[in-house]
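Below is one structure; the comments refer to it alone.
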Amino acid sequence: VMSTQEQQQQREQRQRQADEDRTTQTRQARQKQQQHELAMKTAQRLEQLRQEQRKQKDEEQRRNELRDRIHPEIIRQAHPFKNNPIILIKKFCPKVRLSANASFKDIVKGFKRALAQYHPDRTVNETLEQQIRAEEIFKLLSTEKEKFEKQNETRNNHHNQHHQHHHAHNSTHQHHQTYHRQSSHRHARHGWF
């Protein structure tokens, strides 16, 4: 027969064991809950990523459709002024003031002003269609500006070569006797070779 003290100890031991079991169960339940929440969050994040990818794909498709429609429109509008940069600039940017006999510098400035107006950074808050239209005009004006600058460069080079050739012919003819003495000076002045 157990003494009262032993019975008390056994009761306390059973109580401790029950408490430990409860703590273990609580911890396991909490871990399960955390795992479940983590799995839910992961599933939600994956779904979110999938939706974002779908959205991006849809937007890219929409962009391409808009570009396919808008690009030919812009080209059609610009075509009549293909070789007239002043009218081309005014067509897309009426605010730019350019006279019919504007200088090369003024025309380049006009291009820059028009490009600033259609820069992609300025249209981020516009509709997708307005963004694409601005992009297409920006690309067109960039290309035309480069072409205009190249043509001017070519024209200047051609003019300079013609001027040098003409001047060289006259100099050689007029100063035949002093050619050796002056040749290095003349070559330096005209940048020959």
Looking at [X], I want to see if its [atom1] is surrounded by more than 12 non-hydrogen atoms of other residues, nucleotides or ligands under 6.0 Å.
X   : atom1 : result
K82 : NZ    : no
R62 : CZ    : no
D58 : CG    : yes

Identify the residue among I89, T143, V108 that makes a side chain to side chain contact (heavy atoms under 4.5 Å, CB included) with F148.
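Going through I89, T143, V108 one by one, the side chain to side chain contact (heavy atoms under 4.5 Å, CB included) with F148 is satisfied by V108 alone.
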Test applied, side chain to side chain contact (heavy atoms under 4.5 Å, CB included); reference residue, E37; option that passes from Q35, M40, Q33:
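So the option named by the test is Q33.
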Do [X] and [Y] meet the criterion of a side-chain donor-acceptor pair at a distance under 3.5 Å?
X   : Y   : value
E52 : Q56 : no
Q48 : R45 : yes
T4  : Q7  : no
R11 : Q8  : yes
D21 : Q25 : no

Run the side-chain contact (heavy atoms from CB on, under 4.5 Å) test on F111 and V96 for me, step by step, so that the C-alpha distance in whole Å, both residues' side-chain angles and the decisive distance to 0.1 Å come before the verdict.
CA-CA 9 Å; F111 267 121; V96 175; over 6 Å; no
Would you please classify the geometry between the F138 ring and the H119 ring as parallel, tilted or perpendicular, with 30° and 60° separating the classes?
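The rings of H119 and F138 stand perpendicular, inter-plane angle above 60°.
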Between [X] and [Y], does at least one N-O distance fall below 4.0 Å, as a salt bridge requires?
X    : Y    : result
K57  : E60  : no
R63  : E59  : yes
R133 : E73  : yes
E153 : K150 : no

Go through it in stages, so that I can follow the logic: the residues are Q44 and E47, the test is side-chain contact (heavy atoms from CB on, under 4.5 Å), and I'd like the CA-CA distance, side-chain angles, deciding distance and then a yes or no.
CA-CA 5 Å; Q44 280 175 342; E47 184 51 38; 5.7 Å; no
Is there a side-chain contact between F104 and E149, using heavy atoms and a 4.5 Å cut-off?
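A side-chain contact under 4.5 Å exists here.
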Derivation of the side-chain contact (heavy atoms from CB on, under 4.5 Å) call for I70 and E129:
CA-CA 9 Å; I70 292 167; E129 183 162 348; 3.9 Å; yes
Which pairs pass salt bridge (charged side-chain N to carboxylate O under 4.0 Å, His left out) with one or both residues in residues 111-126, sequence neighbours excluded?
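Not a single pair qualifies under salt bridge (charged side-chain N to carboxylate O under 4.0 Å, His left out).
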Contact list for residues 83-110, test salt bridge (charged side-chain N to carboxylate O under 4.0 Å, His left out), sequence neighbours left out:
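For residues 83-110, and leaving out neighbouring residues, there are no salt bridge (charged side-chain N to carboxylate O under 4.0 Å, His left out) pairs at all.
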Can you list the residues that meet the ring pair (Phe, Tyr, Trp, His ring centres under 6.0 Å) rule with H71, with sequence neighbours excluded?
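Partners of H71 by the ring pair (Phe, Tyr, Trp, His ring centres under 6.0 Å) criterion come out as none, since no residue qualifies.
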If you round to the nearest 0.5 Å, how far is CD of E144 from CD1 of I137?
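Result: 13.0 Å between the selected atoms.
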